[in-house]
Chemist: 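Dropping a structure here in structure tokens format, bear with me for questions.
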Protein chains: 2
Amino acid sequence: MLENNDNIIQSVDRAFKILDVFNLKEKELGVTEIANRLGLHKSTVFGLLRTLEYWGCVEQNQTTGKYRLGLKLFELGNRVIEGFDLRGLALPFLQDLVERYRETVHLVVHDRGEVVYIEKAEGPSTIRMYSQVGHRAPMHCTGVGKAILAFRSKQDIDTVIRTKGLQPFSPNTITDSRRLHEELSIIRREGYSFDNEEIEIGLRCVAAPIMDNNSKVIAAISIAGPSMRMTDEQMQNLIVPVKETAFKISQRIGYSPLS
Amino acid sequence: MLENNDNIIQSVDRAFKILDVFNLKEKELGVTEIANRLGLHKSTVFGLLRTLEYWGCVEQNQTTGKYRLGLKLFELGNRVIEGFDLRGLALPFLQDLVERYRETVHLVVHDRGEVVYIEKAEGPSTIRMYSQVGHRAPMHCTGVGKAILAFRSKQDIDTVIRTKGLQPFSPNTITDSRRLHEELSIIRREGYSFDNEEIEIGLRCVAAPIMDNNSKVIAAISIAGPSMRMTDEQMQNLIVPVKETAFKISQRIGYSPLS
DNA sequence: ACTTCTGTTCTATAATGTCAAACAGCGTTT
DNA sequence: AAACGCTGTTTGACATTATAGAACAGAAGT
């Protein structure tokens with residue numbers, strides 16, 4: 001869990017700061033706009049953008065002169081998880097779960113104190129949760145986050161709490177460190193976790209961890225839906241199928257319950 | 001089509017050079033290894049890696065000390081195409097095509113003189129073409145590349161030929177500029193393209209371009225398979241369905257044949 | 001026609017990234 | 001068991017290199 005921010009190469013750091021200001025809401029930004037937002041001079045930003053453009057990490061809208069993210073990033077991003085068989089191996093299992101319970105299923109991995117969505121299978125309902133592969137979410141208020149966190153060392157858990165905090169996202173978010181530790185302890189014992197509207201009111205899910213061949217928890221899956229459909233009874237019904245699916249995926253990537 | 005490589009910020013350029021040396025074959029590389037490959041001093045590489053690690057673009061294998069690509073790149077990469085509805089909108093149409101003809105279908109876009117695979121739907125056969133979302137391919141020897149190139153200006157076509165060349169990938173690759181122009185002219189007239197083992201012996205495909213609301217060709221789809229199954233007759237059979245599917249996707253993103 | 005934005009170019013300066021050498025830790029070899 | 005050769009890492013001095021400010025060019029708005 002990286003914490004120091006010394007000895008960072010300024011121009012490279014700034015280049016990534018630039019890439020990071022682009023998001024769904026602001027897909028296209030001008031030189032001046034970026035400069036203001038980052039508190040840099042526009043000619044500095046321009047030079048960085050030129051380099052990023054040379055690499056294809058940003059591209060310029062020829063009519064407006066503004067910049068947007070480029071496909072080189074897509075290429076690099078996909079290279080990260082290719083050969084990383086988890087994603088491809090898991091997909092059929094996720095789809096099977098969707099088919100049986102008609103709610104959206106996600107696969108996430110842990111990265112630097114957060115979870116990253118690496119695959120999803122969407123349910124058929126018109127009312128569905130919004131989510132996007134590649135997005136990040138906090139660990140303390142998601143089913144998948146808690147499922148993964150529960151199986152890390154106490155020290156790791158405390159590092160996450162300390163560096164990321166326990167920001168409240170809804171009235172149900174666990175914001176007390178002691179409470180979180182208690183909850184994680186239960187999850188560790190039961191092998192599954194709930195998200196009871198902890199990140200967003202109206203959204204509930206059931207999640208379970210995925211283990212690799214060293215019995216290390218490396219990922220998690222969840223099935224999520226609106227509280228209207230995810231009744232207490234339905235949540236209970238989902239525990240076994242979610243755990244079973246997570247178990248099948250674990251086995252598929254080499255996990256053996258004996259070792 | 002970017003050609004100059006002046007005024008590039010050295011450290012940023014080097015940072016991306018580092019990211020770019022990682023690939024499927026070499027997922028983990030050491031500091032010294034990278035330094036040798038790029039002809040840089042290892043402490044320079046180390047400093048850049050530290051910055052990349054700070055950003056989560058690389059991460060270190062704690063046991064071997066080697067580095068690999070990090071999930072931040074996956075996050076940025078997905079951000080490039082999110083909101084870019086083409087991908088999500090096209091998927092059901094691609095799946096429909098796969099279901100009917102049982103061969104792998106791809107969706108690509110043009111980027112800097114190459115095509116980038118942004119979505120695929122795989123056929124059921126055990127013998128299937130290897131492909132990976134995020135990968136790039138040349139335009140002159142792929143069905144999708146030619147389908148897109150055909151609808152660009154003569155000047156654009158010549159720029160691609162000049163900057164990327166007409167490298168032969170198989171005995172069937174078109175390596176003569178005049179021949180390519182002729183072929184593109186036919187594709188422009190007919191509205192579809194073939195790849196007749198031009199990138200790889202044994203691989204054939206049928207492709208068609210996708211238009212946006214300004215009638216501009218922005219993408220292409222293809223259905224590909226081994227020559228054994230992709231007989232001349234089958235290729236002919238596929239022309240109409242592929243064109244129709246491309247047309248449906250085009251309409252879905254706002255294309256209107258009248259305008 | 002004037003102002004006020006934009007993205008871009010240029011240049012002097014000093015801050016910054018770079019390189020070389022030294023360090024520390026691990027395995028293998030002698 | 002000591003010396004070697006290999007890692008990744010730290011340090012510090014130097015000059016390369018990124019930076020910021022001003023000036024430019026073009027578009028859009030007034």
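Residue numbers begin at 1 in each chain, while the letters A, B, ... track the order of the sequences.
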Chemist: Carefully, step by step, assess A/Phe151 and A/Arg188 under the rule side chain to side chain contact (heavy atoms under 4.5 Å, CB included).
Modeler: CA-CA 6 Å; A/Phe151 292 90; A/Arg188 199 157 34 238; 4.0 Å; yes

Chemist: Return each pair, listed once, that meets ring-ring contact (aromatic ring centres under 6.0 Å, His included) where at least one residue sits in residues 8-32 of chain B; pairs must be two or more places apart or across chains.
Modeler: A/Phe16-B/Phe16, A/Trp55-B/Phe16

Chemist: Let me know the distance between CD1 of B/Ile18 and C1' of C/dT18, rounded to the nearest Å.
Modeler: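 In whole Å, C/dT18 C1' lies 13 Å from B/Ile18 CD1.
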
Chemist: Measure CG/B/Leu48 against P/D/dA18 and give the value in whole Å, please.
Modeler: 11 Å

Chemist: Quickly work out the A/Gln10 CD to C/dT18 C1' distance and round it to whole Å.
Modeler: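 Rounding to the nearest Å, CD of A/Gln10 and C1' of C/dT18 are 15 Å apart.
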
Chemist: Rounded to the Å, how far apart are A/Glu53 CD and C/dG7 C1'?
Modeler: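 Spelled out: CD on A/Glu53 to C1' on C/dG7 is 12 Å.
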
Chemist: How many Å lie between CD1 on B/Ile9 and P on C/dT16, as a whole number?
Modeler: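 Taking CD1 of B/Ile9 and P of C/dT16, I get 13 Å after rounding.
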
Chemist: May I ask you to verify if any side-chain N or O of A/Ser11 is less than 4.0 angstrom from the OP1 or OP2 atom of D/dA18?
Modeler: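 Checking D/dA18 against A/Ser11, no side-chain N or O comes under 4.0 Å of OP1 or OP2.
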
Chemist: To the nearest Å, give me how far apart CG (A/Leu49) and P (C/dT8) are.
Modeler: 9 Å

Chemist: Within less than 4.0 Å of OP1 or OP2 of C/dG17, is there a side-chain N or O belonging to A/Arg14?
Modeler: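 Result: no.
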
Chemist: Would you mind reading off the distance between A/Ile34 atom CD1 and C/dG7 atom P, rounded to a whole angstrom?
Modeler: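 To the nearest whole Å, that distance equals 8 Å.
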
Chemist: Just how far, in rounded Å, is C1' of D/dA18 from CG of A/Asp13?
Modeler: 14 Å

Chemist: Is it the case that A/Asp158 and A/His181 place a side-chain donor and acceptor less than 3.5 Å from each other?
Modeler: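 Result is yes, a qualifying pair exists.
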
Chemist: Please produce a list of atom pairs where a protein N or O lies less than 3.5 Å from an N or O of nucleotides 5-12 of chain D.
Modeler:
{"from": "D/dG8", "atom 1": "OP1", "to": "B/Val31", "atom 2": "N", "distance (Å)": "2.9"}
{"from": "D/dG8", "atom 1": "OP2", "to": "B/Thr32", "atom 2": "N", "distance (Å)": "3.2"}
{"from": "D/dG8", "atom 1": "OP2", "to": "B/Thr32", "atom 2": "OG1", "distance (Å)": "2.5"}
{"from": "D/dG8", "atom 1": "O3'", "to": "B/Gln60", "atom 2": "NE2", "distance (Å)": "3.3"}
{"from": "D/dG8", "atom 1": "N7", "to": "B/Lys42", "atom 2": "NZ", "distance (Å)": "3.4"}
{"from": "D/dG8", "atom 1": "O6", "to": "B/Lys42", "atom 2": "NZ", "distance (Å)": "3.1"}
{"from": "D/dT9", "atom 1": "OP1", "to": "B/Gln60", "atom 2": "OE1", "distance (Å)": "3.4"}
{"from": "D/dT9", "atom 1": "OP1", "to": "B/Gln60", "atom 2": "NE2", "distance (Å)": "3.1"}
{"from": "D/dT9", "atom 1": "OP2", "to": "B/Tyr67", "atom 2": "OH", "distance (Å)": "2.5"}
{"from": "D/dT10", "atom 1": "OP2", "to": "B/Arg50", "atom 2": "NH1", "distance (Å)": "3.0"}

